[in-house]
Amino acid sequence: MRIRIDVNLRFSQNLTGWYHQNKRDLPWRNTNDPYKIWISEIMLQQTRVDTVIPYYEHFLEQFPTIYDLADADQQQVLKCWEGLGYYSRARNMHQAAKTVVKEFNGRIPDSYEKITSLKGVGPYTASAILSIAFQKKFAVVDGNVIRVLARYFGITDDIRSAKTKKRIQQHADELISEKKPGDFNQALMELGATVCKPGNPLCGECPLSTGCVAAASAKTDRIPYKSPSKKVPHHHIAVGLIVNDRNELLIALRPNESMLGGLWEFPGGKQEAGESLKKTVKRELKEELGISVEIFKKFDELKHAYSHFKITMHAYWCKIHSGEPAPKSSQKIEWASLEKIHSYPFPKANKTLIEKLQTMENGDLTRFRES
DNA sequence: AAGACGGGGCG
DNA sequence: CGCCCAGTCTT
């Protein structure tokens with residue numbers, strides 16, 4: 001037992017020693033504010049550091065305290081999240097801020113049970129906040145830790161399986177240092193992000209290479225092992241561009257519980273089997289808004305990849321033939337000028353379309369209304 | 001246990 | 001074009 005402890009201590013010392021020499025200067029490393037740590041951890045879920053940094057800075061300018069966030073409109077929060085993806089993170093975090101203000105007197109809780117009761121805070125985020133902001137001994141297991149420890153211990157099991165992740169969690173629990181658990185966690189993740197990378201790991205610079213099974217046996221290209229992923233389907237989406245007499249475009253709000261919930265879009269939908277794209281637009285606008293439209297010109301098409309399917313989006317200029325646009329379910333609609341449209345949060349594909357409209361039409365939609 | 005859920009960067 | 005990323009929630 002004595003030996004085991006010494007081995008773990010050496011692991012931890014080598015790791016944290018390397019960390020103090022090589023850690024990046026990141027915005028959320030200059031604070032002890034649990035609120036700011038929390039924001040950073042939510043943003044960092046499935047998202048790279050370089051992507052997060054500007055969003056983090058801007059978000060905290062908009063919402064300096066948890067009270068500012070709790071009091072904000074969801075649209076304002078989502079606008080700050082626009083382009084970051086996984087928008088349920090923003091909706092859940094907004095809800096959690098309200099919960100903290102209401103139930104916990106504005107203080108982010110420091111117990112595992114209470115903090116995981118917050119929307120969007122799972123095992124990883126709870127452990128990250130508790131260790132980094134509150135110096136509590138909870139080991140994080142994220143994609144980096146999985147890769148580093150799978151290689152170090154030579155774990156060849158499928159990392160998709162819950163059993164493998166549990167096994168790695170147990171290793172992390174045993175290795176984590178008493179003194180500075182937050183630094184230990186960040187060090188392991190930092191190592192995974194900058195040295196023990198998925199491809200071409202820099203084993204020559206690694207403080208753990210001495211004891212690493214994968215490095216010793218030249219198996220870093222096969223560990224961690226991940227079972228093959230399924231092929232994702234490809235859909236065709238057809239949307240309508242409708243301009244009113246005030247030179248404004250018709251946009252619709254997506255329901256909160258749907259994909260991209262709380263963001264805006266040009267009305268339209270998925271092409272069905274044996275259906276022409278123009279027919280798709282007509283059908284969707286009839287179903288969603290209760291209007292009959294005439295289609296007179298294709299504006300553009302673009303490809304976009306989501307996590308579980310791909311789309312080609314086709315945009316058509318339309319004219320309302322009969323009916324007044326009215327949202328069918330709880331969804332809202334609005335008319336937005338090309339200037340004002342930037343104040344609404346849009347998902348990437350729609351935003352790309354808007355940017356193309358902006359450059360090609362130079363803010364003037366008149367001729368498409370009249371042709 | 002498996003699927004839903006974005007977007008960007010890299011080979 | 002496919003894989004991966006400081007994961008969580010739902011079914």
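Below, chains carry the letters A, B, ... as their sequence lines are ordered, and counting in each starts from 1. Given the structure is predicted, the values throughout are model-derived calculations rather than measurements. Both backbone and side-chain heavy atoms feed into the values below; hydrogens, waters and symmetry mates do not.
Non-hydrogen atoms lying under 4.0 Å from DNA chain B are contributed by A:Gln46, A:Thr47, A:Arg48, all within residues 33-58 of chain A. Near DNA chain B, meaning a heavy atom under 4.0 Å away, the residues from residues 77-86 of chain A are A:Gly83, A:Leu84, A:Gly85, A:Tyr86. Scanning residues 14-25 of chain A for heavy-atom distances under 4.0 Å to DNA chain C yields A:Arg24. Near-neighbour residues of DNA chain B inside residues 150-170 of chain A, defined by a heavy atom below 4.0 Å, number-ordered: A:Ala162, A:Lys163.
The ring-ring contact (aromatic ring centres under 6.0 Å, His included) test applied to A:Trp28 returns A:Tyr56, not counting sequence neighbours. A:Phe59 pairs by the ring-ring contact (aromatic ring centres under 6.0 Å, His included) definition with A:Phe63, not counting sequence neighbours. Residues passing the ring-ring contact (aromatic ring centres under 6.0 Å, His included) test with A:Trp38, sequence neighbours excluded: none.
Pairs engaging residues 85-102 of chain A under the side chain to side chain donor-acceptor pair (under 3.5 Å) rule: A:Thr47-A:Arg89 [sequence neighbours left out]. Under the ring-ring contact (aromatic ring centres under 6.0 Å, His included) criterion, no residue pair touches residues 185-228 of chain A, with sequence neighbours excluded.
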Let me have the donor-acceptor pairs involving side chains of residues 113-125 of chain A, under 3.5 Å, with sequence neighbours excluded, atom names and distances please.
{"residue": "A:Thr116", "atom": "OG1", "partner": "A:Tyr112", "partner atom": "O", "Å": "2.7"}
{"residue": "A:Thr116", "atom": "OG1", "partner": "A:Glu113", "partner atom": "O", "Å": "3.2"}
{"residue": "A:Ser117", "atom": "OG", "partner": "A:Lys114", "partner atom": "O", "Å": "2.5"}
{"residue": "A:Tyr124", "atom": "OH", "partner": "A:Glu41", "partner atom": "OE1", "Å": "2.5"}
{"residue": "A:Thr125", "atom": "OG1", "partner": "A:Gln45", "partner atom": "NE2", "Å": "2.9"}

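Chain A approaches DNA chain C over the interval C:dG2 to C:dC9, counting the first and last nucleotide 5' to 3' with an atom under 4.0 Å from its heavy atoms. On the nucleic acid side, DNA chain B has its first and last nucleotide under 4.0 Å of a heavy atom of chain A at B:dA1 to B:dG8, going 5' to 3'.
Distance noted for atom P between C:dA6 and B:dC5: 23 Å (whole Å).
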